[in-house]
Student: 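I'd like to ask some things about the structure below.
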Amino acid sequence: MPSFDVVSSRVSFPELDAEILDYWKERDVFRRSVDDRPDAPLFMMYEGPPTANGSPGIHHVLARVFKDVVSRYRTMKGSRVIRKGGWDTHGLPVEMAVEQELGLSSKRDIEEYGIAEFNERCRESVFRYVKDWEVMTDRIGYWVDMDSPYVTLETDYIETGWWILKQLWDRGLLYQDRRGTPHCPRCVSSLSSHEVALGYRENTPDPSVFVKFEATAWPGSVPTYFLAWTTTPWTLPGNTALAVDPDAEYSVVSVTDHQLVVATALLKVLHDDYSVIETRPGSELVGHEYRPLYDAADFGSSIQQFLRRDGVTQLEDAGSYSPRVVAADFVSMEDGSGIVHIAPAFGDEDLALGRERELAFIQPVDLQGIVTGSYPFAGKFVKDADPEITADLESRGLLYHQGTYRHTYPFCWRCDTPLLYYAKTSWYIRTTAVKDRLVDINSGINWYPGHIREGRFGEWLRNNVDWAISRERYWGTPIPIWRCDHCEETQCVGSVAELAASSAQDLNGLDLHRPYVDDVVWPCESEGCDGVMRRIPEVMDCWFDSGMMPYAQWHYPFENAEIDSDGRLPADYICEAVDQTRGWFYSLHALSTLLKDDVAYRNVICLGLILDGRGRKMSKRLGNIVEPDTILDTHGADALRWYLFTASHPGEPRRFSDRLVQQTLRQVLLTLWNVYSFFTNYANIDEFEPSQIPEGWRPEAELDRWILAELNQLVQVVDDHLDNYNPTDAGRRIAEFIDVLSNWYVRRSRRRFWKSEIDSDKLGGYATLYRCLTTVARLMAPLAPFVSEQMYRNLELRYQADAPDSVHLSAYPVADTLLIDRPIMEATRLAIRVSSMGRAARSKAGLKVRQPLAEVVVKTRTDSELEYLAQVGPQILEELNIKELQPADSSGDLYVRARELADDDGDTVVSVAGYSAALDSGYMVAVDARITSELADEGLARELAHRIQNLRKGARFEITDRIVAYYDGPDDVARVMTIHGDYIKQETLSDDLFGSVLEDAAKSETAQIEGMEVTLGVRLSNGA
RNA sequence: GGGCCUGUAGCUCAGGCGGUUAGAGCGCAGUCCUGAUAAGACUGAGGUCGUUGGUUCGAGUCCAUCCAGGCCCA
């Protein structure tokens, strides 16, 4: 019975993945990795909930594997890692998709279709791709609790949200206000500042118009106009004032037959000839009245006005208005004309100024962005009305100039409609009340990369504005505020029980969504009021939903009130892409600051965006999302994971490339696999078992001491990197180790394993390689969970009955620092370098490695390296196939002459005194290029042995089969076959070499060797 | 306009505190090695280390400026 399962060098990683997935499922490994250690320290990972209304892309895989690697590492380090899956199910994106499917295009359509039915469709749609997500999650080896995920639409989840809002309400942090709010006319909803942040688009063209407002009582007989600038002509019908800087100087200039008033500093905007008539400060313009461009009374728009009574400013109906010039402190002297068009119905600054100066308020546009009233351009969408307004003004001589202005303008992050600023009431959370705490608490968060903390995120927090949380939509967490329809009575409801009590109804089983929750009403209890308490129509921003997951996933505080103290708050670790800075990272942080005055997460990896092959951001909208399935089916999960971890540091953006995944596979995973396969093949031949390694065994052979030194240093470094949330450098270091393990350790050790007897040297080799493979398997388990599991099971588990049955339940390796032998590491590095240079020297002189040479002269950079050279000389000689090594110093004749011949720029190989010498950075490796006839014979012997080996291989003999070889060729061949017969026999496991042609050879060939025609043939030996 | 990040070979990326001639992988051309390897080694072509200044005996590295790109914000 073989010691280990036979490992073929040909491996299908996708098939291996499937086998391992079955194993995990069978043994319930993931659940046990959490549940079987109730007393272990807790490590909390929060899953940022994805929306499952679309299939997952490669960028989702990126985030998920970075979440997984940390969780698996912490598990192996002994923590109990809680990670509950979650689904984000509410919000505009969901509504958008359903609207599209149903062919609805407005809120009116939705209401005609029916809110109940519409929301039912939304509910269905968000689980449509859950299966795809589960399959992907499983397939990439992301361990997360998908059996009991939190779901933002569930009653318990919503109830926690209500509780939170009630807390804020009681503290006066939840309020309603009329503001100039970014508003999407297609979605007919306002957006929060962080949603706006998601949709800025640069270089957006907008009209740039300079408009003339005619002053009505300007002294003198020449018509005089105030020149104002705007990029939104559609707001002009809403104009009720012009603002000037009272301290700036304004000029009155004469142009053809009229006069214009412009800030002196901005006279450069005038294109025509003009002459300055007079100048006066802005303060002297204040109070001047002018004729409105469109008198609201003539076009059917209602006129209201801000009036201050007893210190309270309110809007009241008015029959007419007289627009005038007012002073403001925000008038720019950078662009425009220094006179700012004010429309309180739109911009936030305009609205504030309207209140302050008791201006008129005219709203000629509805919430869908359609111009109302009887304007010539009524019924048009505002952006379409722009050119018509401009043309109309031009025909009336009120347009001074028009052009195009390119600037960065916000668009709806989901539907790409340009946003309008629109004065309306919304609900806000007063985050500005805790702004300092937001900033302070952030300084205690460990950000990767570190610059995010003070940079992007810190900057964002320092510019914090109140969080607009209401959405005039349908599918979302309903805002739990009930209001009397007659009086001012308002109640914020903090739980379902409270709602039941207030409404005196049994609400068991009530769907808290609209429209059902809207049906819960009760009589107003205010004295003498006969009104009815009804819920306000708005639902919550879906970012609020995701931000409250630390509490809502446990239905806190209705259940699990102990999370405050049991380690489940806050998270130890979260990880999402950088676009969540204003999204989830913020909503978690804001709510945690408000509710707990503490961090929501201690460590966070902020991933760069994943780009497509052309460097563009991947998004559903562009349709350039890479499907993970194809990659997984061809290269396997470990290759994809490894690539994602190591291709670039997590914070950097990365282009995704299938080619590079394949490269990773070959270079790292296949190389390791081949070492593994090599080991098991030979261990099986020799019936090596780990139990044969003596207790307290220490490596003796130089190579063994070297690779174990490298291994233990690797353990230290990798552990340190992973402890610092850096899988990238951890993976890169492991890959470097695999490279030297394969290309130096195994290469140099092969002959030790070929020996037929098993001695202590060979046993040392097995012990060493066994330790390397088992240690690497554990080290890389968090990164490549599949291949490491397979190696662990075959190498360790079958020999340790009491070992955990999964590598992911085993302990992370600990370095044996006593084995980290620095001198031997440096010596071997020197051997590798000298060998490489020696090969260069041979190659340049056309001396193939199979041809033995007499001597190599090595000059090192420093004297201390000469000692190393003595130590590793035999390795170098064997590697280079040379008889003797001669050390040299900088005064050596050969070195001096080589230096003279070499150009002083760059590496070079020169030919000097019969030697071929490679020079590099103060080193020289010179090989004696002279080949004696003895050396030539030896070279031929090696060549013949090599040919026979190839025939063995071609005949598909077993590695251990003994054979008989036949040859036919010139005398030289016969001579060498005789002189070096023993060597050739030993190398090729031949019992006999016959100088004739074998007719029925298992394999034979006739070839040109060193200019001679030689025929070789092999067959299995029947003797021995 | 402001903030943060990035700029090194055709591509993907390394280059602690400033220090001899700036590296690796992939790709291309050629040679070699191989009884673990789907691999590996060597050679060649390919670099104004984004630009321009500065500090220094010495700058890919530190400072400033500008340019380009990305993300974010006004």
Side-chain angles (χ1 to χ4, degrees), chain A residues 7-11 193-194 196-198 200 332 334-335 407-408 410 449 451-460 462-463 577-579 581-582 606 608-609 611 613 615-617 643 646-649 651-655 657 659-660 662-667 669-682 728-729 732 735-736 739 742-744 746-747 749-751 753-754 835-844 846-851 861 879 881 902-909 918-922 945-946 948-953 957-961 987-989:
Chain A
V7 177
S8 162
S9 64
R10 289 174 195 269
V11 56
S193 51
H194 43 275
V196 176
L198 296 170
Y200 277 96
S332 163
E334 300 289 316
D335 44 27
H407 57 160
T408 309
H451 60 77
I452 303 276
R453 175 170 52 206
E454 293 311 316
R456 184 172 293 192
F457 197 63
E459 206 60 41
W460 164 252
R462 282 186 284 277
N463 294 318
V578 67
D579 54 359
T581 312
R582 270 73 176 175
C606 187
L609 295 172
L611 309 172
R616 297 176 310 172
K617 182 173 170 172
Y643 164 77
T646 56
S648 62
H649 282 107
E652 305 294 325
R654 66 192 73 209
R655 289 190 187 193
S657 146
R659 212 170 46 84
L660 292 174
Q662 190 187 348
Q663 190 183 316
T664 296
L665 173 71
R666 287 187 172 180
Q667 225 162 346
L669 299 177
L670 269 179
T671 306
L672 176 67
W673 188 268
N674 283 316
V675 174
Y676 169 51
S677 161
F678 172 88
F679 170 79
T680 50
N681 280 341
Y682 281 90
T728 304
D729 288 318
R732 287 177 178 178
E736 282 169 22
D739 185 63
S742 170
N743 288 320
W744 194 259
V746 173
R747 231 161 81 95
S749 298
R750 268 184 303 210
R751 296 202 156 259
F753 297 107
W754 292 347
S835 299
S836 165
M837 290 175 68
R839 276 192 294 265
R842 292 188 75 115
S843 168
K844 194 78 168 187
L847 300 163
K848 49 188 183 180
V849 179
R850 222 178 279 138
Q851 174 60 58
R861 184 147 70 182
E879 182 68 17
N881 192 18
D903 293 332
D904 10 24
D905 52 0
D907 309 351
T908 186
V909 178
L919 293 146
D920 177 30
S921 311
H946 167 62
I948 295 171
Q949 295 286 36
N950 281 346
L951 291 176
R952 281 187 63 113
K953 210 176 184 178
F957 294 160
E958 291 299 315
I959 290 172
T960 46
D961 286 341
E987 286 295 300
T988 59
L989 295 187

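Protein chains get the first letters and strands the later ones, always in sequence-line order, with residue 1 at the start of each. Quantities reported herein were computed from a predicted structural model and do not represent experimental measurements.
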Student: Could you measure between the two P atoms, the one in B:rU6 and the one in B:rC13, and give it in whole Å?
Tutor: 13 Å
Student: Rounded to whole angstrom, note down the C1' distance from B:rA29 over to B:rG46.
Tutor: 12 Å
Student: Please compare A:T988 and A:M837 by the position of their nearest nucleotide in RNA chain B and report the one closer to 5'.
Tutor: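 First, find each residue's nearest nucleotide; the 5'-ward one identifies A:T988.
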Student: In terms of the angle between their ring planes, are A:F753 and A:F678 parallel, tilted or perpendicular, with boundaries placed at 30° and 60°?
Tutor: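 Ring orientation, 0 to 90° scale: perpendicular.
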Student: Work out how far the P atom of B:rC17 is from that of B:rG2, and round it to whole angstrom.
Tutor: 30 Å
Student: A:F678 has a side chain; which of B:rC72, B:rC42, B:rA36 sits nearest to it?
Tutor: B:rA36
Student: Name the pairing partner of B:rC71, where a pair is Watson-Crick or G-U wobble with both distances under 3.5 Å, or state none.
Tutor: B:rG3
Student: Suppose we screen for ring-ring contact (aromatic ring centres under 6.0 Å, His included). Which residues come up paired with A:Y676, at least two apart in sequence or across chains?
Tutor: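 For A:Y676 the ring-ring contact (aromatic ring centres under 6.0 Å, His included) partners, ignoring immediate neighbours, are A:W673.
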Student: Could you give the CZ-to-P distance, from A:R453 to B:rC5, as a whole number of Å?
Tutor: 13 Å
Student: Could you measure between the two C1' atoms, the one in B:rC26 and the one in B:rG16, and give it in whole Å?
Tutor: 27 Å
Student: Rounded to whole Å, please give me the gap between CD in A:E454 and P in B:rC5.
Tutor: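 Taking CD of A:E454 and P of B:rC5, I get 12 Å after rounding.
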Student: Only counting residues at least two apart or in another chain, list the ones meeting salt bridge (Lys or Arg N to Asp or Glu O under 4.0 Å) with A:R839.
Tutor: A:E879
Student: With a 3.5 Å limit on both atom pairs, tell me what B:rU43 is paired to, counting Watson-Crick and G-U wobble, or say none.
Tutor: B:rA29
Student: Grab the CH2-C1' distance between A:W744 and B:rU34 for me, whole Å please.
Tutor: 15 Å
Student: Quote, to the nearest angstrom, the C1' distance that separates B:rG7 from B:rG44.
Tutor: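 Nearest-Å result for B:rG7 against B:rG44 at atom C1': 28 Å.
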Student: Under the rule for salt bridge (Lys or Arg N to Asp or Glu O under 4.0 Å), what residues qualify as partners of A:R666, not counting sequence neighbours?
Tutor: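 Salt bridge (Lys or Arg N to Asp or Glu O under 4.0 Å) list for A:R666, sorted by chain: empty.
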Student: Answer yes when A:R456 and A:E459 have at least one side-chain N-carboxylate O distance shorter than 4.0 Å, and no when they do not.
Tutor: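 No, A:R456 and A:E459 are not salt-bridged.
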Student: Mind calculating the distance between CZ (A:F753) and C1' (B:rA36) to the nearest angstrom?
Tutor: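 Checked: the CZ to C1' distance equals 11 Å.
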Student: Tell me the partner of B:rG19, counting only Watson-Crick (N1-N3 plus N6-O4 or O6-N4) or G-U wobble (N1-O2 and O6-N3) with both under 3.5 Å; none if nothing fits.
Tutor: B:rC57
Student: Counting Watson-Crick and G-U wobble pairs only, both distances under 3.5 Å, name the nucleotide matched with B:rU34, or none.
Tutor: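 The answer is none; no pair meets the criterion.
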Student: Using a heavy-atom cut-off of under 4.0 Å over every strand shown, decide if A:S835 touches base, sugar-phosphate, or nothing.
Tutor: nothing
Student: Using the side-chain contact (heavy atoms from CB on, under 4.5 Å) criterion, which residues pair with A:L951? Sequence neighbours excluded.
Tutor: A:K1003, A:E1005, A:L1016, A:V1018
Student: With C1' as the reference atom in both, quote the distance from B:rA9 to B:rG15 in angstrom, rounded to an integer.
Tutor: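 To the nearest whole Å, 14 Å.
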Student: If you go through the side-chain atoms of A:R456, does one of them form a donor-acceptor pair with the base of B:rC71 closer than 3.5 Å?
Tutor: yes
Student: Side chain of A:R839 only, please: which of B:rA41, B:rA36, B:rC71 is the nearest?
Tutor: B:rA41
Student: CG of A:L670 versus P of B:rG40: gap in Å, rounded?
Tutor: 10 Å
Student: Could you check how far CD of A:Q851 sits from P of B:rC33, rounded to whole Å?
Tutor: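 It works out to 10 Å between those atoms.
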Student: Classify A:N743 by what it touches in the nucleic acid, base, sugar-phosphate, or nothing, heavy-atom distance under 4.0 Å.
Tutor: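 If one applies the 4.0 Å heavy-atom cut-off, A:N743 turns out to touch the sugar-phosphate alone, with no base involved.
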Student: Does B:rA36 have OP1 or OP2 under 4.0 Å away from a side-chain N or O of A:Y676?
Tutor: no
Student: Report the nucleotide, chosen from B:rC4, B:rU37, B:rG3, that has the shortest atom-to-atom distance to any side-chain atom of A:H451.
Tutor: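 Of all the options, the side chain of A:H451 is nearest to B:rC4.
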Student: Starting at atom CH2 of A:W460, determine the distance to atom C1' of B:rC4, rounded to an integer number of angstrom.
Tutor: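 Going from A:W460 (CH2) to B:rC4 (C1'), I get 15 Å.
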Student: Counting distance only, does the side-chain N/O of A:R842 pair as donor-acceptor with the main-chain N or O of A:Q851 below 3.5 Å?
Tutor: yes
Student: Check whether any side-chain nitrogen or oxygen of A:H946 sits under 4.0 Å from OP1 or OP2 of B:rU34, and answer yes or no.
Tutor: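 For A:H946, the contact criterion (side-chain N or O under 4.0 Å from OP1 or OP2 of B:rU34) is met.
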Student: Would you tell me if any nitrogen or oxygen in the side chain of A:R666 comes within less than 4.0 Å of OP1 or OP2 on B:rA38?
Tutor: no
Student: From CZ of A:R842 over to P of B:rC33, roughly how many Å is that when rounded to an integer?
Tutor: 9 Å
Student: Using the side-chain contact (heavy atoms from CB on, under 4.5 Å) criterion, which residues pair with A:S742? Sequence neighbours excluded.
Tutor: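 By the side-chain contact (heavy atoms from CB on, under 4.5 Å) rule, A:S742 matches A:T671, A:V675.
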Student: Would you say the side-chain atoms of A:R462 pair up with the backbone N or O of A:F457, donor to acceptor, closer than 3.5 Å?
Tutor: no
Student: Taking atom C1' in both B:rG23 and B:rG47, what distance in whole Å separates the two?
Tutor: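 Here B:rG23 and B:rG47 have their C1' atoms 12 Å from each other.
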Student: Could you work out the separation of B:rG60 and B:rU51 based on their P atoms and round it to a whole Å?
Tutor: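 Comparing P positions in B:rG60 and B:rU51 gives a spacing of 11 Å.
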Student: Dump the pairs, protein N or O against N or O of nucleotides 10-15 of chain B, anything under 3.5 Å, distances to one decimal.
Tutor:
unit_1 : atom_1 : unit_2 : atom_2 : d
B:rC13 : O3'    : A:R732 : NH2    : 3.4
B:rA14 : OP1    : A:H649 : ND1    : 3.1
B:rA14 : O5'    : A:R732 : NH1    : 3.3

